[in-house]
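Below: one structure, written as structure tokens.
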Amino acid sequence: MRSIAVMNQKGGVGKTTSSVNLAASLARAGRRVCVLDLDPQGHASFHLGIEAGPEMPTIYDVFSRQTTIDESRQLVAENLSVVPSNIDLAATEVELAGVPGREFILRNAMQHWKDQNRFDYVIADCPPSLGVLTINALTAMGEVFIPLQPHFFALQGLSKLFETTALVTRRLNRDLRVTGVMMCLYESGTRLAADVTEDLKQFLKSSDGDTPWASARIFRTRVRRNIKLAEAPSFGQSIFDYAPSCPGAQDYAALGDEVMAMEAPAHGARQPPANTESAVA
Ligand code: ADP
Ligand code: MG
């Protein structure tokens with residue numbers, strides 16, 4: 001089971017869009033995927049068609065230990081489920097302040113998924129902060145994907161982000177690795193996009209081998225700016241359902257292929273596993 005924190009403390013860089021559409025891309029290729037919505041704004045849940053009202057168990061209830069992660073999981077498409085969130089989750093930061101072991105709640109909640117290889121991918125859509133929710137994601141997940149919007153200030157804040165992953169590897173999760181940076185909202189052909197990409201390449205190349213980002217790459221797939229990607233969330237649909245042939249769908253399909261190409265060879269390419277889960281069953 002690969003587990004991925006989609007993380008950047010900046011808002012509006014493409015975390016949620018990438019979490020949802022990468023997850024959908026992997027699920028369509030037959031992988032068993034679960035999205036964890038760790039943002040109190042609940043955008044990933046909404047994007048996947050789930051609006052978590054007061055009756056629905058959410059990831060807030062997992063953090064406050066009132067429900068299990070399995071009880072709060074919702075199947076939204078074949079092979080694709082989400083543990084939703086809503087604004088209740090905003091209280092978690094305060095409620096967990098000073099609680100011993102608060103960094104490990106998510107890891108403990110999903111330990112049996114790892115033990116049983118319950119999913120092929122768990123993808124955590126992080127909130128735009130480096131608070132307790134993001135720390136829980138970094139403690140529970142094996143990999144970090146960083147979405148980046150190539151504008152002038154894109155690299156600002158990146159060193160803080162990397163420092164945080166280093167701190168987590170020292171204290172909480174030795175196995176955490178930054179797999180790569182996803183270029184989102186990419187305007188191909190612009191000087192700025194090329195410059196930011198080159199600067200980032202140099203930065204990654206110059207990092208020393210002892211850091212969690214030592215083997216981080218820039219994903220080959222650039223996710224171009226595409227209005228369909230901005231429209232899809234309000235219909236509660238992934239880009240593959242909303243506009244399956246638009247450039248945004250092409251880009252996230254390619255990103256999914258790129259991510260799957262990194263799987264251990266034993267898995268086999270694009271063969272649905274036997275125990276697929278169906279939303280229409
Ligand atoms: P974050 O989760 O990092 O805050 P979002 O994924 O919500 O970022 O993206 C911010 C805004 O940009 C959203 O309105 C989203 O629909 C839009 N968006 C994201 N990626 C693209 C893209 N490639 N092309 C066009 N709009 C995009
Ligand atoms: Mg978001």
Side-chain angles (χ1 to χ4, degrees), residues 4-25 35-52 58-60 82-87 89-90 92-93 123-131 133-134 136-138 141 144-151 153-158 160-161 164 180-190 192-193 196-197 218-256 258:
I4 298 162
V6 178
M7 172 204 181
N8 189 329
Q9 75 273 30
K10 276 192 199 192
V13 295
K15 287 184 291 300
T16 300
T17 306
S18 297
S19 299
V20 165
N21 292 307
L22 175 61
S25 164
V35 174
L36 306 180
D37 189 351
L38 290 177
D39 189 336
Q41 297 180 99
H43 289 168
S45 312
F46 196 85
H47 200 332
L48 288 166
I50 299 287
E51 211 171 342
T58 65
I59 204 154
Y60 168 78
V82 59
V83 179
S85 87
N86 61 22
I87 195 66
L89 188 63
T92 300
E93 202 80 39
I123 298 180
D125 181 27
C126 292
S129 74
L130 297 173
L133 294 166
T134 296
N136 261 273
L138 297 180
M141 304 291 140
V144 179
F145 285 15
I146 301 171
L148 202 77
Q149 185 187 350
H151 62 67
F153 294 113
L155 300 184
Q156 209 185 48
L158 210 57
K160 179 78 190 155
L161 196 166
T164 306
V181 176
M182 304 181 280
M183 289 299 186
C184 294
L185 291 135
Y186 200 82
E187 318 241 17
S188 28
T190 67
L192 187 59
V196 170
T197 309
I218 302 174
F219 286 104
R220 194 168 15 88
T221 306
R222 313 277 192 255
V223 180
R224 290 164 285 178
R225 187 182 282 278
N226 178 221
I227 189 67
K228 297 285 182 207
L229 286 168
E231 292 168 3
S234 56
F235 295 89
Q237 291 179 330
S238 83
I239 197 62
F240 302 102
D241 292 321
Y242 178 66
S245 55
C246 74
Q250 291 165 15
D251 293 346
Y252 278 107
L255 187 65
E258 197 177 344

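Along the sequence shown, residues are numbered consecutively beginning with 1. First listed ligand is number 1; within each ligand, the first listed atom is number 1. Every heavy atom of this structure was used, including side-chain atoms; hydrogens, water molecules and symmetry mates were not.
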Who's the nearest protein heavy-atom neighbour of [atom], and how far?
atom                    : result
atom 8 (O) of ligand 1  : Gly14 N, 3.0 Å
atom 7 (O) of ligand 1  : Thr16 CB, 4.0 Å
atom 16 (O) of ligand 1 : Ala230 CA, 3.2 Å

| Going through the checks in order, is the side-chain hydrogen bond (donor to acceptor under 3.5 Å, both in side chains) test met by Glu258 and Thr221? | CA-CA 8 Å; Glu258 197 177 344; Thr221 306; 2.6 Å; yes
| query | Looking at Tyr186, is Arg224 sitting on its ring face, NZ or CZ under 6.0 Å from the six-membered ring centre and within 45 degrees of the normal? | reply |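 So Arg224 doesn't make the cation-pi contact.
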For [X], atoms of ligand 1 separated by under 4.0 Å from a heavy atom:
X      : answer
Gly11  : 4 (O)
Arg224 : 22 (C), 23 (N), 24 (N)
Leu229 : 16 (O), 22 (C), 23 (N)

| Are any of the N/O atoms in His43 less than 3.5 Å from those in ligand 1? | no
| said: Between ligand 1 and Cys184, is the shortest N or O to N or O distance under 3.5 Å? | reply: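 Not met; the criterion fails.
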| said: Below 4.0 angstrom, counting only protein heavy atoms, does anything approach atom 13 (C) of ligand 1? | reply: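 False for atom 13 (C) of ligand 1.
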| request: Answer yes or no for atom 27 (C) of ligand 1: protein heavy atom present at a distance under 4.0 Å? | output: yes
| query | Among the heavy atoms of Pro128, does any lie under 4.0 Å from an atom of ligand 1? | reply |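 Checking ligand 1 against Pro128, which is what was asked, there is no heavy-atom contact under 4.0 Å.
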| message | Less than 4.0 Å is my threshold; does some heavy atom of Gly12 fall inside it relative to ligand 1? | response |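 Yes.
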Going from [atom1] on [X] to [atom2] on [Y], what distance comes out if it is rounded to the nearest 0.5 angstrom?
X      : Y      : atom1 : atom2 : value
Ile218 : Leu148 : CD1   : CG    : 8.5 Å
Ser85  : His43  : OG    : NE2   : 9.0 Å
Ser45  : Ile50  : OG    : CD1   : 7.5 Å
Asp251 : Leu229 : CG    : CG    : 7.5 Å
Leu255 : Arg222 : CG    : CZ    : 11.0 Å

| task | Give a yes or no on whether the ring-centroid distance for Tyr252 and Phe240 is below 6.0 angstrom. | result | no
Just going by heavy-atom distances, which of [options] is nearest to [atom]?
atom                    : options                    : answer
atom 3 (O) of ligand 1  : Lys15, Met7, Lys10, Arg225 : Lys15
atom 20 (N) of ligand 1 : Leu185, Val223, Val13      : Leu185
atom 15 (C) of ligand 1 : Asn226, Thr17, Val6        : Thr17

| query | Ile123 versus Leu36: any side-chain heavy-atom pair under 4.5 Å? | reply |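 Heavy-atom side-chain distance check fails, nothing below 4.5 Å.
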| So, Thr16 and the Mg ion (ligand 2): N/O/S under 2.8 Å, yes or no? |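 Thr16 does place an N, O or S atom closer than 2.8 Å to the Mg ion (ligand 2).
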| query | Looking only at heavy atoms, which two atoms of Leu185 and Arg225 are closest? And how far apart? | reply |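 Heavy-atom minimum between the residues: CD2-NH1, 3.6 Å.
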